[in-house]
Amino acid sequence: MMHRVAIKIRSLTRSYLRSFSFTGLVFATLFFCGSITPSLLPRPYIVQGILSGFSLAIGYVVGVLATWGWAFLELPQPGPALARRSKQVCVGLAAIVFALSIWYATEWQNSVRVLMEMPPLESTARFRFFVIAILVAFVLVSIARWMIRLGAFLSKLLQRYLPRRIAVSISTLCVLLLGLMIGNGVIARGLLKAADRFFLQADLLIDDGIEQPALALACGSDESLVDWEAIGRRGKDFIGGGPKADEIERLTGQPSKRPIRVYVGMRTDGDDQARATLALEELKREGAFDRKVLIVATPTGTGWLDESAVDTVEYLHRGDTAIVSMQYSYLPSWITILVDPSRSKRSASALFDQVYAYWTTLPKDERPRLYLFGLSLGAFGCEDAADLMETFQDPIQGAVWSGPPFPSRQWASIVNSRNAGTPVWLPTFRDESMVRFTAQQNMLQTGKPWGPIRNVYIQHASDPMVWFSPSLAWHQPQWLSAPRGPDVSPGLRWYPIVTFLQIAFDLPMATSVPLGYGHNYSPSSYIDAWVAVTQPDGWSQTDLDRLREHFANPADQAELPVPDVDSESAELR
C-alpha cells in the first residue's frame, strides 16, 4: 500500500514539474539572479528571500507570456533538434549565472554595507533566503496558474460565439481586471486596515520620559489651547523633547531662551482648517511671533519631526525660535504616499496659509523670519505651500527640505532643469541664488551669492524614498549613470522589472541604515542647511564643529567656551 502511494506521489510530482514552461523557468532563474545583486540598501535574508520570491514568480510569468505571445502571433517554431540544443544551451547558461549569483551574493551585499560604514557579513544565509524565495514564488505562481485556468475556461466559452483570438483577448482582460479588483479591493484593503489598526494603537502610546508640560506657556499644558491627549505619540515626543534653555546655554555659553514648540494632532476636533486655526492661536498665546525665527514644519507620515532637524536649529538660534506643526497621518510615509499623499499637501497648505496670513499683518522689522521645513512626505507636502506667485509681494525667507519623495513635483522640476554636467543626485540649479542641494558633505558654500530667499534640499544618493519611480520597471534611471553617488554600490546595475522590485523593497527599510545614509539624515547635514538658510549670528567654524560633535556624542555634556565671533562667521553667512 505504501509503495503504491509513493509511486503515485512521484508520478504526480513529475507531472506537476513537467507542467511548468521551460521558457518561464529560464526567465524566473534570470530574474532571481538579478534580485540578488545590490540595490540602494543592504537587505537581511528574510527580505532578500521575499524579494527573490517575487522576482522568481514575475520572471516566470514574463517567460510564459513571451511563449504565449510567440504562439499567438503564429511565428515559426524551431524544429526538434534545434529546440533540444537550445534548451541544453539555455540550461547550461542559466546554471552558470545562478551559481555565480549565489557565489557573489555576500560580496554584493557587503559592497553596500561597507559604503554605509556597516560591518560586513560573513554570509548572506543563502540557503535560508533561497528556501523563502521558493515558497513565496510557489504561492504566487499557484495563484497565477489558477487565474490562467480561469482565463482558459472563459476563453472556451467565448469561442462558441467569437473568433479564437478575440475570445482569448477578452478572457485575458477579464481575468486581469478580476485580479486587480481582488488585489486592490480585498488584499490591499485588508493589509491597509491591519496597518491602520496597528499604527493607530502605536499613535496612542507615550514614550518613556515624556510627560505633559507643567509650564503654562507650553503646548499641551493644562492652560494650553491644545489638548495633550489629542496630540499623538510623535507630537508628544516633539513637545516633551528637545533642548531646554539651560542646555542650550551650557553648550553655547550665551544666554538662551526656551524654544517654543506647537503641535496639533489628528485627534483634535475639526478638519485641517480648524486644526490650523488652533495652531495659530496657540502660537499667539505662547508669543511665537516675538521670536527671531518661526518655522512651519510638516512632519513625516507618522507625525514625526526629526530631532536632528528641529533640535539643531534651536541650538543655532539659542532658543529664539518657534516651530509649529500639524499631524495629518499616523501611517509611515511609504504607506501614506501610496494611499493618499495629498493628505500632507492639504495639511501643510492649511497651516501655512493661517500662519502666513497673520505674519503678513505684522510690521516687517518686528516679526520673525519665516521658514518652511519638511522631511520625507513632509517635504512633499510643504514644498508647494508657499506658492511664489501668492507670496511674491511679501515672500518668506526660505526652506529646508530633506529626503523629498519621488512624487515631489517641485523637486523633480528643479532636478530635471539642473545645470548641465551636474549629477541628478547632487545637482546645481541656475545661479544657485535660490536653491541649493547638499548631501553627506557640505556642498552649500559654493562661493556664489545667495538671493533673498534661500532653499536647501538635503538628499542622499542611497535614499530609495527619493529615487524610487514606477519607470524603473522599463527605463534606466539617471542616478545610475556616471558619476554615481558615493554611497551607491558600484555593483548596482539596472535590470528591467527587477530593479523596480529591488528599490520598492528598499522603501520600508529606508531608515534601517546608519545616520547619513538612506533615508536617515544626520544632524551635521541639518546644521549645514540651517546655517546656510537661516544665517545664525555668532557662529564660527570651530563652534559649529563643536555643535556637530555634541550631536554626534549627545551623552557628552561638557561645557563649551563662549563662541568666538571672528572672520569665519562672515564666511559662513
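The model shown is predicted, which means the values in this text are computed figures rather than measured ones.
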- Task: Measure from NZ or CZ of Lys284 to the centre of the six-membered ring of Tyr358 and say whether it is under 6.0 Å with the direction within 45° of the ring axis.
- Result: yes
- Query: Within 45 degrees of the axis of the six-membered ring of Trp450 and under 6.0 Å from its centre: does Arg436 put its NZ or CZ there?
  - Reply: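 Output yes; distance and angle both within limits.
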- Message: How long is the straight-line distance from CZ of Arg430 back to OG of Ser417, given to the nearest 0.5 Å?
- Response: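 It is 6.5 Å, given to the nearest 0.5 Å.
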- Could you state the interatomic distance from OG (Ser408) to CD (Gln459), rounded to the nearest 0.5 Å?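 The distance works out to 10.0 Å.
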Note: [X]-[Y] ion pair, threshold 4.0 Å (strictly below):
X: Glu282; Y: Arg285; value: yes
X: Arg409; Y: Glu383; value: no
X: Arg367; Y: Asp394; value: yes
X: Asp384; Y: Lys345; value: yes

Can you tell me how the ring of [X] sits relative to the ring of [Y], calling it parallel under 30°, perpendicular over 60° and tilted otherwise?
X: Tyr356; Y: Phe352; value: parallel
X: Trp479; Y: Trp467; value: tilted
X: Trp401; Y: Tyr457; value: tilted
X: Tyr521; Y: Tyr526; value: perpendicular

With a 3.5 Å cut-off and no angle check, do the side chains of [X] and [Y] form a donor-acceptor pair?
X: Glu549; Y: Asn553; value: yes
X: Thr268; Y: Arg275; value: no
X: Ser524; Y: Ser522; value: no
X: Tyr263; Y: Arg261; value: no
X: Gln354; Y: Thr277; value: yes

Check whether [X] reaches the backbone of [Y] with its side chain - one donor and one acceptor, N or O, closer than 3.5 Å.
X: Arg454; Y: Ala532; value: yes
X: Ser349; Y: Arg346; value: no
X: Ser347; Y: Arg343; value: no
X: Gln327; Y: Ser329; value: yes

- Checking salt bridge (Lys or Arg N to Asp or Glu O under 4.0 Å) for the pair Lys236/Asp227: CA distance, chi angles, key distance, verdict? CA-CA 11 Å; Lys236 290 174 181 175; Asp227 181 9; over 6 Å; no
- Message: Less than 4.5 Å apart, side chain to side chain, heavy atoms only: is that true for Pro514 and Met118?
- Response: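 Yes, close enough: below the 4.5 Å cut-off.
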- Under the side-chain contact (heavy atoms from CB on, under 4.5 Å) rule, what do Gln109 and Arg43 come out as? Steps first, then yes or no, please. CA-CA 7 Å; Gln109 286 300 303; Arg43 297 185 292 268; 3.5 Å; yes
- Item | CA sep, side-chain torsions, deciding dist, call: Trp304, Tyr330, side-chain contact (heavy atoms from CB on, under 4.5 Å) | CA-CA 9 Å; Trp304 177 63; Tyr330 42 77; over 6 Å; no
- Step by step, would you call Phe500 with Phe468 a ring pair (Phe, Tyr, Trp, His ring centres under 6.0 Å)? CA-CA 8 Å; Phe500 166 82; Phe468 175 79; 5.4 Å; yes
